Amino acid sequence: MASFSSRLNFVSQWPSPKKFGDDVLLIYDRIFDRHPKVASWVKQFPIRYAVKSGEDLKSLQSFPVHMNTILQKTHHLSARRLKIVVLGGGSVGDFGGFVASVYKRGVELIHIPSTWLSAMDSAHGGKTALNARGAKNQVGTFYPAKEVYLVKPLLLAQPAERGFEALGELIKMALLAGGPLYRKLNAVSTLNAGTLWQLLPLVIREKYKIVQKDPEEKKGLRHLLNFGHTMGHVFEAHYGLPHGVAVLAGLQFAMEWSYQKGFMNQKDYLKLMQAKFWQKAVKAKQQSAWKNLSMLALLSEKPQSFVRYLEQDKKKTSSQDLRFVFLKNPGKPVIAEVKVQDFLPEIARQQSFWG
Ligand SMILES: NC(=O)c1ccc[n+]([C@@H]2O[C@H](COP(=O)([O-])OP(=O)(O)OC[C@H]3O[C@@H](n4cnc5c(N)ncnc54)[C@H](O)[C@@H]3O)[C@@H](O)[C@H]2O)c1
Ligand SMILES: [Zn+2]
């Protein structure tokens, strides 16, 4: 089985394209055609494929068109030596990873994540994905990158907004892991690009710790990474929120429910609610496009209207039960089975709680 830990390269300069050899295809987010510094790096790759990021890129329907073009562009290269370098955020990574995994039964993959979300999360752990039949990630493979480059000038040049969009995944990992990551998240002065860069190695390390115990999601352990995602996916689908923003709200929902259900005691709950990272997350939110988004607004629908999303949740273990990740305290998550119908009174309870 392939190793599920990719070689990590934290670099303060762009890697030389020559490093990847002669048989290389660059798949990249076409927004970089408008960023002069990145564009001049991109142009050093003789064979490149520019894509428009987003969920449409991951569509199963358009995949054959992309794949045919890619095969045509690379037909003169050695499939045995071919490397696919993918530069972009999570959508480009999910698409490019899938291409690498099926291109003549698999070629070497190198990720250069360009958003905080992809640098912290999606470039690691080997999940590739396409969307089908109106639902996300219905088709995919486990195909870890051989190498991941974390390029400081690329990540630091992102708009602040992308930093806020990654906070859901960052806080998720810190709550799942506890320990040094949780302490450091509380200790940093503010959540800006500089501190996200400092936290990055710890976040990635914690993700690999979980992935390595259950690389292909066969033992249920990898399901821990779904913390905050059950309701997060509902908010993402229903309101069209960015993934990380939806996950942040999903985490709040999960923590409230953890206390309500007695997984978390009152002392730990109060301690967690007063933890310093919340104030920093609130400040980052106030400075973002999401400053007016409230849990109350997210939960203001009739609870019943969320049921169809919960039922779609692909992690369902039986016709009625979902595996929900609760938290005892930082570093101590608990997976428990809950029925879709159990969400309804909890959503109603949290409506009055947040109101
Ligand atoms: N495979 C996994 O394990 C995994 C995990 C989490 C999320 N995902 C997937 O990741 C996707 C979300 O990730 P994302 O938010 O990175 O998506 P994205 O690729 O859509 O990027 C978000 C936006 O940022 C722009 N962008 C990218 N890099 C930039 C840069 N350096 N500067 C300025 N703008 C930049 C993109 O053009 C896009 O508009 C979803 O499709 C989700 O399903 C996958
Ligand atoms: Zn996620």
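Remember, it's 1-based here, ligands and their atoms both numbered in the order they're listed. This is a predicted model, so every value here is computed, not measured.
Of the residues listed (Glu236, His223, Glu169), the one engaging His229 in a side-chain contact (heavy atoms from CB on, under 4.5 Å) is Glu169, and it is the only one.
At least one N or O atom of Gly90 sits closer than 3.5 Å to an N or O atom of ligand 1. Any N or O atom pair closer than 3.5 Å counts here, and Asp29 shares at least one such pair with ligand 1. For the pair His124 and ligand 1, the shortest N or O to N or O distance does not fall below 3.5 Å. For Arg162, a nitrogen or oxygen atom sits less than 3.5 Å from a nitrogen or oxygen atom of ligand 1, counting backbone and side chain alike. At under 3.5 Å, not a single nitrogen or oxygen of Glu165, backbone or side chain, sits near a nitrogen or oxygen of ligand 1. Checked by distance only, ligand 1 and Asp94 come closer than 3.5 Å through their nitrogen or oxygen atoms. Residue-to-ligand polar distances place Ser91 within reach of ligand 1: an N/O pair is separated by less than 3.5 Å. On a distance-only criterion, His35 and ligand 1 share no N/O pair closer than 3.5 Å. Taking any N or O of Lys58, backbone or side chain, at least one lies under 3.5 Å from an N or O belonging to ligand 1.
Looking at atom 38 (C) of ligand 1, its nearest protein heavy atom turns out to be Ser53 OG, 3.3 Å. Among all protein heavy atoms, the one lying closest to atom 35 (C) of ligand 1 is Ile31 CD1, 3.3 Å. Of the protein's non-hydrogen atoms, Ser122 CB, 3.4 Å is the one closest to atom 5 (C) of ligand 1. What sits closest to atom 21 (O) of ligand 1 on the protein, heavy atoms only, is Thr115 CG2, 3.9 Å. The protein atom (non-hydrogen) at minimum distance from atom 28 (N) of ligand 1 is Ser114 OG, 2.7 Å. Nearest non-hydrogen protein atom to atom 6 (C) of ligand 1 is Asp121 OD2, 3.5 Å.
In terms of modelled atom types and a separation under 3.5 Å, the side chain of Asn9 and the main chain of Val11 share no donor-acceptor contact. A donor-acceptor contact shorter than 3.5 Å links the side chain of Lys172 to the backbone of Leu225. Between the side chain of Asn186 and the backbone N or O of Phe277 there is at least one donor-acceptor pair closer than 3.5 Å. Using modelled atom types, one side-chain atom of Asp214 and one backbone atom of Arg222 make a donor-acceptor pair closer than 3.5 Å. Under the 3.5 Å distance criterion, the side-chain polar atoms of Asn131 are matched with a main-chain donor or acceptor of Asn137. When atom types are taken as modelled, the side chain of Lys219 and the backbone of Lys213 share a donor-acceptor pair closer than 3.5 angstrom.
Residue Ala129 places every heavy atom at 4.0 Å or more from ligand 1. Residue contact annotation: Trp116 has no non-hydrogen atom under 4.0 Å from ligand 1.
Using cut-offs of 30° and 60° for the angle between ring planes, the Tyr208 and His124 rings count as perpendicular. Ring geometry, Phe32 versus His35: the interplanar angle exceeds 60°, so the pair is classed perpendicular (tilted spans 30 to 60°). The aromatic rings of Phe253 and Trp257 sit perpendicular, their planes meeting at an angle over 60°, well past the 30° parallel limit.
Glu169 contributes atom OE2 as its closest N/O/S atom to the Zn ion (ligand 2).
Within the listing of ligand 1, atoms 30 (C), 31 (N), 32 (N) sit less than 4.0 angstrom from a heavy atom of Gln158. Here is the list of ligand 1 atoms found below 4.0 Å of a heavy atom in Leu117: 7 (C), 12 (C), 13 (O). Heavy-atom contacts of Gly89 reach the following atoms of ligand 1: 16 (O), 19 (O) (cutoff under 4.0 Å). Numbered from 1 in the order shown, with element, the atoms of ligand 1 that lie under 4.0 Å from a heavy atom of Pro159 read 32 (N), 33 (C).
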As a quick check of understanding, evaluate ring pair (Phe, Tyr, Trp, His ring centres under 6.0 Å) for Phe45 and Tyr28, giving each step before the final call.
CA-CA 11 Å; Phe45 288 82; Tyr28 72 100; 8.8 Å; no

Begin from the C-alpha positions of Lys58 and Glu55 and carry the test salt bridge (Lys or Arg N to Asp or Glu O under 4.0 Å) through to its verdict.
CA-CA 5 Å; Lys58 290 172 58 177; Glu55 292 309 307; 3.8 Å; yes

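At a heavy-atom cutoff of 4.0 Å, ligand 1 is contacted by the side chain of Phe32 but not by its backbone.
Residue Asp121 does not count as close to the Zn ion (ligand 2), with no N, O or S atom under 2.8 Å.
Side-chain contact, Asp56 with Ser59: no donor N or O sits under 3.5 Å from an acceptor N or O.
Across Glu161, Glu55, Lys136, Lys127, heavy-atom proximity to atom 43 (O) of ligand 1 is greatest for Lys136.
Between Glu311 and Arg308 there is no salt bridge, since no side-chain nitrogen of the basic residue lies less than 4.0 Å from a carboxylate oxygen of the acidic one.
Within the 4.5 Å cutoff, no side-chain heavy atoms of Phe63 are placed close to those of Val139.
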